[in-house]
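Step one of this worksheet: look at the structure below.
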Amino acid sequence: MNSELITHRDPKSPISEVFKTLRTNLQFMKYKDESISLLVTSTMPGEGKTWVTSNLGIAFAQSDKKVVIIDSDMRKGRLHNVFETKIFPGLSNYLAEDKKSIKDYLIKTEMENLWIIPAGNVPPNPSELLSTERMLQGLEELKRSFDVILFDSTPCMLVTDAVIISRIVDATMIVSSHKLTKMENLKTVQKNIENVGGKIAGVIINRIPVSLKKYKSKYYYYGERSKTAETSQENNSSRIHQEEVTYVEENTETTLESSSEKTRKSKKKQEQDEIMEQIDQYLDDNK
């Protein structure tokens, strides 16, 4: 099982509980008995959007919701790697053909209630394909069969694919990276999505070091741990390369402003320590 799928591998961990909290909040966005469609994007590559999309999808599936995750990054999609499935046929093949239903491209994962649609073959015109009526038809067809539809999309600062999709989904979440994402880029992405009529659900800030121990009642913590083998001239042992925490803010404008407010670090210290001890213990138990 892919180590990135932490909500499936360890559903009772503090990290998994945070995805469940995010799931609960997102469910308030939709009316009763209606499906919800969400786009997950970022400003630049490497900010963790596929990791967030995958674990959020599993969290929804664990609550008995029928979920499909669509890899709409037809240029460098990696959803098939995370779920260890084939990459084609997929979304690009559906959009380029006229006869088949989008359901013909569904792949059932080992998780109950969870399907994916991989990116498919790399097309010469991804943006143009996403702009077609066939994309909208496919989404409407999926809404009749699934409770939650998640799009793992491209970075907004490089191509327009994500902005195109943001027009047809219920809301968009932007994944950013601590000390990597530029504030002007984040504001540009927000503006571009809102200019085409897209709705921003929130901003997820990824890769916050555990040592910061930041917590606020309106923030929701996430943890992601990647193990990178590092070779030393003195020994060949491997070690933990990175321990990360993320949080999401429901109000986008507040999130953009709060990232520079250093005074938040000193508030609710006891709550900070309790939560971080749980995360630290989880990381230690899974070395």
Side-chain angles (χ1 to χ4, degrees), residues 1-5 7-9 35 37-42 44-58 60-61 65-169 172-173 175:
M1 181 190 306
N2 193 301
S3 61
E4 292 183 72
L5 303 179
T7 48
H8 178 62
R9 182 165 53 87
S35 62
S37 57
L38 296 167
L39 169 71
V40 182
T41 186
S42 62
M44 300 295 288
E47 293 175 316
K49 58 183 177 56
T50 298
W51 179 76
V52 170
T53 310
S54 302
N55 284 282
L56 179 59
I58 294 172
F60 272 113
K65 301 293 184 182
K66 290 188 65 176
V67 182
V68 57
I69 305 176
I70 303 171
D71 193 342
S72 56
D73 186 348
M74 295 180 285
R75 305 166 193 265
K76 293 184 178 180
R78 56 180 297 266
L79 195 67
H80 63 287
N81 288 330
V82 175
F83 287 95
E84 300 176 348
T85 67
K86 58 184 181 180
I87 187 174
F88 53 80
L91 180 62
S92 63
N93 303 94
Y94 162 75
L95 294 174
E97 298 174 0
D98 295 326
K99 297 180 180 180
K100 291 187 177 182
S101 163
I102 194 170
K103 293 182 180 179
D104 294 332
Y105 300 90
L106 290 169
I107 297 178
K108 182 71 175 69
T109 69
E110 62 179 89
M111 296 81 168
E112 187 176 359
N113 299 320
L114 182 62
W115 286 257
I116 73 165
I117 296 178
N121 299 88
V122 179
N125 55 343
S127 299
E128 288 76 9
L129 288 176
L130 292 170
S131 302
T132 62
E133 185 69 20
R134 188 158 171 78
M135 181 70 253
L136 184 58
Q137 292 172 352
L139 177 58
E140 293 301 319
E141 185 177 357
L142 291 174
K143 284 183 176 180
R144 293 192 288 269
S145 301
F146 290 91
D147 300 306
V148 180
I149 302 153
L150 297 175
F151 286 87
D152 179 25
S153 192
T154 57
C156 277
M157 293 300 295
L158 300 182
V159 290
T160 61
D161 299 18
V163 176
I164 294 170
I165 298 174
S166 70
R167 299 180 301 176
I168 63 174
V169 297
T172 296
M173 291 182 294
V175 177

- Message: Could you tell me if the side chain of Glu4 sits less than 4.5 Å from the side chain of Ser54, heavy atoms only?
- Response: no

- Query: Can you find a side-chain donor-acceptor pair between Asp152 and Thr50 that sits under 3.5 Å?
  - Reply: yes

- Message: Quick check for you: to the nearest 0.5 Å, what is the distance between Leu139 atom CG and Ile168 atom CD1?
- Response: 5.0 Å

- Message: Quick check: closest heavy atoms across Tyr94 and Gln137, and the distance to 0.1 Å?
- Response: OH-C, 4.1 Å

- Query: Any sub-3.5 Å donor-acceptor pair from Arg167's side-chain atoms to Ser131's backbone N or O?
  - Reply: no

- Task: Assess whether side chain to side chain contact (heavy atoms under 4.5 Å, CB included) is satisfied between Phe88 and His80, documenting all intermediate values.
- Result: CA-CA 9 Å; Phe88 53 80; His80 63 287; over 6 Å; no

- Heavy-atom pair of closest approach, residues Leu91 and Asp71: CD2-O, 3.9 Å

- Message: Checking the side chain of Ser92 only, and the main-chain atoms of Ala119 only, is there a donor and an acceptor separated by less than 3.5 Å?
- Response: yes

- Note on the structure: Closest heavy-atom pair, Asn113 versus Ala61, reported as atoms and distance to 0.1 Å, is ND2-O, 3.2 Å

- Item | Test item: Phe83 and Leu5 side chains (from C-beta on) under 4.5 Å apart, heavy atoms | yes

- So do Asp161 and Ser72 actually touch side chain to side chain, heavy atoms under 4.5 Å? no

- Item | Separation between NZ of Lys65 and OG of Ser35, rounded to the nearest 0.5 Å | 10.5 Å

- Query: Is it true that the side chains of Ser127 and Arg75 contain a donor and an acceptor less than 3.5 Å apart?
  - Reply: yes

- Message: If you compare all heavy atoms of Leu95 against all heavy atoms of Thr132, which two are closest, and at what distance to 0.1 Å?
- Response: CD2-OG1, 4.3 Å

- Is a side-chain donor-acceptor pair under 3.5 Å present for Ser101 with Glu141? yes

- Item | Check: Thr109 side chain, Leu114 main-chain N or O, donor-acceptor pair, under 3.5 Å | yes

- Task: With rounding to the nearest 0.5 Å, note down the distance linking CD in Glu97 to CD1 in Ile102.
- Result: 12.0 Å

- Query: Do any N or O atoms from the side chain of Ser42 and from the backbone of Val175 form a donor-acceptor pair under 3.5 angstrom?
  - Reply: no

- Calculate, to the nearest 0.5 Å, the distance between atoms CD and CE belonging to Glu140 and Met135 respectively. 10.0 Å

- For Lys108, look at atom NZ and say whether over 12 heavy atoms of other residues, nucleotides or ligands are found less than 6.0 Å away. yes

- Item | Heavy-atom pair of closest approach, residues Pro126 and Met74 | O-CE, 3.7 Å

- What is the minimum heavy-atom distance between Pro155 and Pro45, and which atoms define it? CG-N, 3.7 Å

- Message: With a 4.5 Å cut-off on side-chain heavy atoms, are Met173 and Leu56 touching?
- Response: yes

- Message: Rounded to the nearest 0.5 Å, what separates atom CD1 in Ile58 from atom OG1 in Thr53?
- Response: 11.0 Å

- Rounded to the nearest 0.5 Å, how far does CD1 of Ile117 lie from CG of Asn93? 11.0 Å

